[in-house]
Q: 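Before I ask anything, let me first share the structure, which is written out below as C-alpha cells.
Labels below follow one simple rule: chain letters A, B, ... track the order of the sequence lines, proteins then strands, and each chain is numbered from 1.
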Number of protein chains: 2
Amino acid sequence: MQLDDSNRITIVEVAQYAGVSTATVSRVINKTGPVLPETAAKVYAAIEALNYKPNAAARGLASRRTNAIGLLVDEINSEFFQPMLRGIEVTARASGMSLLISSTGGMDKATPPYPLGENNTDGLIIFADSLPQEEILRLHKIGLPMVLLHRSSPPNLNIPCVTVENKIGARRMVDYLIEERGYRKIAFLEGPDSHEDAYWRKLGYQESLAAHNIPFDPKLVSLGGFDEAQAHLSVSHWVEQGLKAKVIFAADDDSAIGAMIALKEAELRIPEDIALVGFDDIRLAAYLDPPLTTVRAPIEQAARIAVEQLVKVIHGEEVELKTLLPTELVIRRSCGCC
Amino acid sequence: MQLDDSNRITIVEVAQYAGVSTATVSRVINKTGPVLPETAAKVYAAIEALNYKPNAAARGLASRRTNAIGLLVDEINSEFFQPMLRGIEVTARASGMSLLISSTGGMDKATPPYPLGENNTDGLIIFADSLPQEEILRLHKIGLPMVLLHRSSPPNLNIPCVTVENKIGARRMVDYLIEERGYRKIAFLEGPDSHEDAYWRKLGYQESLAAHNIPFDPKLVSLGGFDEAQAHLSVSHWVEQGLKAKVIFAADDDSAIGAMIALKEAELRIPEDIALVGFDDIRLAAYLDPPLTTVRAPIEQAARIAVEQLVKVIHGEEVELKTLLPTELVIRRSCGCC
DNA sequence: TAATCTGATGTAAGCGCTTACATAGCATAT
DNA sequence: ATATGCTATGTAAGCGCTTACATCAGATTA
C-alpha cells in the first residue's frame, strides 16, 4: 500500500476551507504575525476538519530550519547510554525539536560522509569521540550549532561543552582508597585513549597518588577500554602475572564488571583478596555482588543540559561555554568498607 | 553564530562547476538514469571540490520521501531499551535511513498530535503500547508503512509485527518450575495491562498451571508493571500478608529486581526461603545476587528484523505478517537449581 | 481634514531539490 | 536513405511551505 497521493491535504486546502490565504494559515500555525482571533478559530477548525499535518520537508525547505537536533554517539552499547538518551529525548521533545540519532561506531570515523550534519539538523549533540576533530572544525566553521557532551572544545573554538567532574571524582575516589581504606598499591584500568573522560579520570588518579607521595607505577595501569571484555582480558593477565595491587580502580563501571568477572574466575574474593571500584554508577553497580563502590556521574542531567544549551544556541542565545557537573562518591561493599 | 547563508552550495553550483545540468547531478547522486562515466566523474569532482551536501528537506519535498524511519516508544527507562535501540539504529543506518526517535510516555497518549508520522517519516516502528490503536488505524488507512514491535496487529489490518514467543517462554518457565523444581505454589508478578507482552506471559503461566492441574489462584497474582518500584511495592505487600508461594515468577526482569530487593529487605533468602525468576534476560540478570533465572528474549534481533521489514514495506515488497522469535530458558541460581 | 501609523490580511517569490518530458546524437534495423 | 530505438543530457515544472512586500481599513495625530 502506498501513501495516498490523491487527496493529500496541504496548506492550500486548509486556506480554501477556512476562506483565508495560505499566509494566514501559516501565521496561525506558527503563531507569527498578528491574526484576528476569529480568523485563527476558522483556521483551527479547518485544520481539524481536514486533519491537516504540515509537511516537515516543505517547512524545512522554506524556513531553512529543520526543527530537528541530531545526536551523534559512537556506539549504543553501554548502560551509560540509556539515561543519556532519556535526558536528551525528553528535553528535545519539550523544546519542540525532533531527535535524530546516529552512531558512528561501525564506520570509518575519519571519512565523510557523516550521517548527521548541517543538511538535516539545526544542531548537533556530539558525544565523546563520536566525531573526529576535523569534522567538528568544519561544522563549526560553517556555523552549525553544536554542544559537546563528555568532551571538551577544541582549543580556541569555544564550542559549548557539558561534562562531569571526572578528574575530581577520580581524585576523591583514590584519596578515599588511600586515606580511609589504607591502600597504597592501586591498580588502574584506564579508558580508551580517544575518550576524554578517560583522560581526566586517569589524571585524577595520578594526582591523588602524587599528593600522597605514592610513585606512579605504569605496571599498575592496564587498558579497561570502558569495555567489559577488554577489562576482563586485562585483569586476567594481571592475575596470571601476579598483580601486586590490593585494589583495582576501573575507570568506568563497565570495565569494573569485566574486572569483577575475571577476579571471580580466579577465585579471588572481593573485597577480601582484592577490592574493586568503578566510575559512573550505572544502574547495575548497586546490584553487583558485591555491590560496587563507584563515582556517581549525573549522566541524564548532563544530557538534559546539553540539549537545553543546544536549543539556546540555535535560537542565537548565549550559553555557558563549559559546564562541569559534580560527581559524588558512592560507597558500597566492593571497596572493603564494611 | 549563524549558518552562513551567503555561499551556500546547492546543486546549481555543482552543476555549473561540473559543466552539466542539475538533472545530471541529481542522476549521479542518486544513481538514477544513465550517465556517462566521465560525466559522473566530473560531477563527483565538483561535489568534492565544493564540499556539497544535498539538502535533506529539499530532497524530501521533491521526492516525497524523507528517507527517515521513526521509532516510537513509550518510555526510555528499561534496560530492555538499549539492545532494542542498537538493533534498530544499526539496521536503519545499514539501510541508508535516518532514524527519528520519540517517546510518547509523558504525553496524553489518546490525544494527537503525535510527534512522528506521515509528515516526517517514510515509515514507523511502533513499540508495544506507545501509540493508541486509533492512531495506528489512521496511519494504516493513509498507507503509512509500519511495523509493530512487541505488539500484534489490530484485527484484520494485517500490519506486520515482530515479537517474541512470550506465551511459550512463560509456559516453559512454569513447566520447569513445576516439573523440575517441584514447586506448586507459584506467585506471578504480571505486567501492565496495556502491554501485549504482559498478556501473553500471563497466559503462558496460566496454561502451565492448567496443564499440571494446579488451580489458578488470583491471590498469587499481583501487579509488577514491568517496573522495579511497582514490583517492590507488590512484593512487600505480599510479604506483610504472608505470601504462601515458594517462588515468584516476575513477568519481566525489571520487576524481578524490584521483587529481589523487597525480599532482601524482608530478610528472606533467595532461593532458600523463596525462589525468584524473571523474563527477558537483560544484562543485569546475570549479575544479580543470586543470578536470576529467566527467559531470554532476543530483543536486539527482533529490532533488526522489524527494521528490515519496515524498509521492505517502504520499498513496496511483501513481508511476513507475523514474526515470532524463539525465547529460551536461562537457568541460574535464583530458582534454586543449584 | 490630511497625514500618519497600526493591525490584519493577501500576493507571490522562492527554498533546493527530483523527475516527466523534450531533445539530440548515434547505432541499428528496414 | 529513412525509420526506429537507445543512450545521454537538458529544460522546466512543481513539491508544500515561509516570508518579504504590498494593500487596505480604521485609529490616531497634527
Side-chain angles (χ1 to χ4, degrees), chain A residues 2-43 46-47 50-68 117-122 142, chain B residues 2-43 46-47 50-68 117-122 142:
Chain A
Q2 291 292 322
L3 268 187
D4 193 354
D5 277 33
S6 53
N7 52 287
R8 227 198 206 76
I9 303 300
T10 75
I11 202 172
V12 176
E13 280 75 51
V14 175
Q16 284 172 350
Y17 190 102
V20 298
S21 71
T22 60
T24 297
V25 176
S26 176
R27 285 187 195 106
V28 171
I29 292 173
N30 300 299
K31 306 198 197 311
T32 70
V35 176
L36 227 49
E38 309 110 66
T39 312
K42 279 191 292 182
V43 171
I47 289 174
L50 301 174
N51 196 11
Y52 166 71
K53 322 260 175 195
N55 176 304
R59 251 211 245 240
L61 184 56
S63 67
R64 293 144 157 284
R65 283 181 293 98
T66 63
N67 268 308
E118 71 274 26
N119 60 92
N120 54 2
T121 67
D122 291 344
I142 64 172
Chain B
Q2 290 293 321
L3 269 186
D4 193 353
D5 276 35
S6 54
N7 53 287
R8 227 198 206 77
I9 302 300
T10 75
I11 202 172
V12 176
E13 280 74 50
V14 175
Q16 283 173 351
Y17 190 100
V20 299
S21 72
T22 60
T24 297
V25 174
S26 177
R27 286 187 194 104
V28 170
I29 292 173
N30 300 299
K31 306 198 198 311
T32 70
V35 177
L36 228 48
E38 308 112 66
T39 314
K42 279 191 294 183
V43 171
I47 288 173
L50 301 174
N51 195 12
Y52 166 71
K53 321 259 176 198
N55 176 306
R59 252 212 245 240
L61 184 55
S63 67
R64 296 146 154 281
R65 284 181 293 98
T66 64
N67 267 309
E118 71 274 25
N119 60 92
N120 54 4
T121 66
D122 291 343
I142 63 172

Q: To the nearest 0.5 Å, how far apart are CD1 in I29(B) and OG1 in T24(B)?
A: 11.0 Å

Q: For the pair made of CG in L50(A) and P in dG16(D), what is the distance, rounded to whole Å?
A: 15 Å

Q: At 4.0 Å (heavy atoms only), tell me whether T39(A) reaches a base, stays on the sugar-phosphate, or touches nothing.
A: sugar-phosphate

Q: So, for A46(B) and A18(B), which heavy atoms are closest and what is the spacing to 0.1 Å?
A: CB-CB, 3.9 Å

Q: Starting at CD1 of I11(B) and ending at P of dT19(C), how long is that distance when rounded to a whole Å?
A: 11 Å

Q: Write down the atom of I9(B), the atom of Y52(B), and the distance for their closest heavy-atom approach.
A: O-CD1, 3.5 Å

Q: Using only side-chain N and O atoms of T24(A), determine if any of them is under 4.0 Å from OP1 or OP2 of dT9(C).
A: no

Q: Quick check for you: among dT11(C), dC17(D), dG10(D), whose closest atom lies nearest to any side-chain atom of S21(A)?
A: dT11(C)

Q: Can you find a side chain N or O atom of N30(B) that sits less than 4.0 Å from OP1 or OP2 on dT18(C)?
A: yes

Q: From the list dC17(C), dG16(D), dT18(D), which nucleotide is the closest neighbour of the side chain of S26(A)?
A: dT18(D)

Q: Taking atom P of dT19(D) as reference, at what distance in whole Å does atom NZ of K31(A) sit?
A: 15 Å

Q: With no hydrogens and no angle check, do the side chains of R59(A) and N119(B) hold a donor and an acceptor under 3.5 Å apart?
A: no

Q: Side chain of T121(A), backbone of A68(A): donor and acceptor closer than 3.5 Å?
A: no

Q: Tell me which nucleotide among dG10(C), dC15(C), dC15(D) gets nearest to the side chain of R64(A).
A: dC15(C)

Q: Let me know the distance between CZ of R59(A) and C1' of dT19(D), rounded to the nearest Å.
A: 14 Å

Q: Counting distance only, does the side-chain N/O of Q16(B) pair as donor-acceptor with the main-chain N or O of E13(B) below 3.5 Å?
A: no

Q: Need to verify one output field. Residue with the more 5' nearest nucleotide on DNA chain D, A58(A) or A23(B)?
A: A23(B)

Q: Starting the side chain at C-beta, find the nucleotide from dA12(C), dC15(D), dC17(D) nearest to L61(B).
A: dC15(D)

Q: Over all strands shown, is V20(B) touching base, sugar-phosphate only, or nothing at heavy-atom distances under 4.0 angstrom?
A: sugar-phosphate

Q: How far does the helix from dT1(C)-dA30(D) to dT30(C)-dA1(D) bend, going by the axes of its first and last five pairs, to the nearest 10°?
A: 50°

Q: Starting the side chain at C-beta, find the nucleotide from dT7(D), dA8(C), dC17(C) nearest to P34(B).
A: dT7(D)

Q: Between dC15(D), dT9(C), dT9(D), which one does the side chain of R27(B) approach most closely?
A: dT9(D)

Q: From the list dT9(C), dT19(D), dT18(C), which nucleotide is the closest neighbour of the side chain of T22(B)?
A: dT18(C)

Q: Measure from the side chain of S63(A), starting at C-beta and using heavy atoms only, and say which of dG10(D), dT19(D), dC17(C) lies closest.
A: dT19(D)

Q: For I11(A) and V25(A), work out which heavy atoms get closest and say how close.
A: CG1-CG1, 3.5 Å

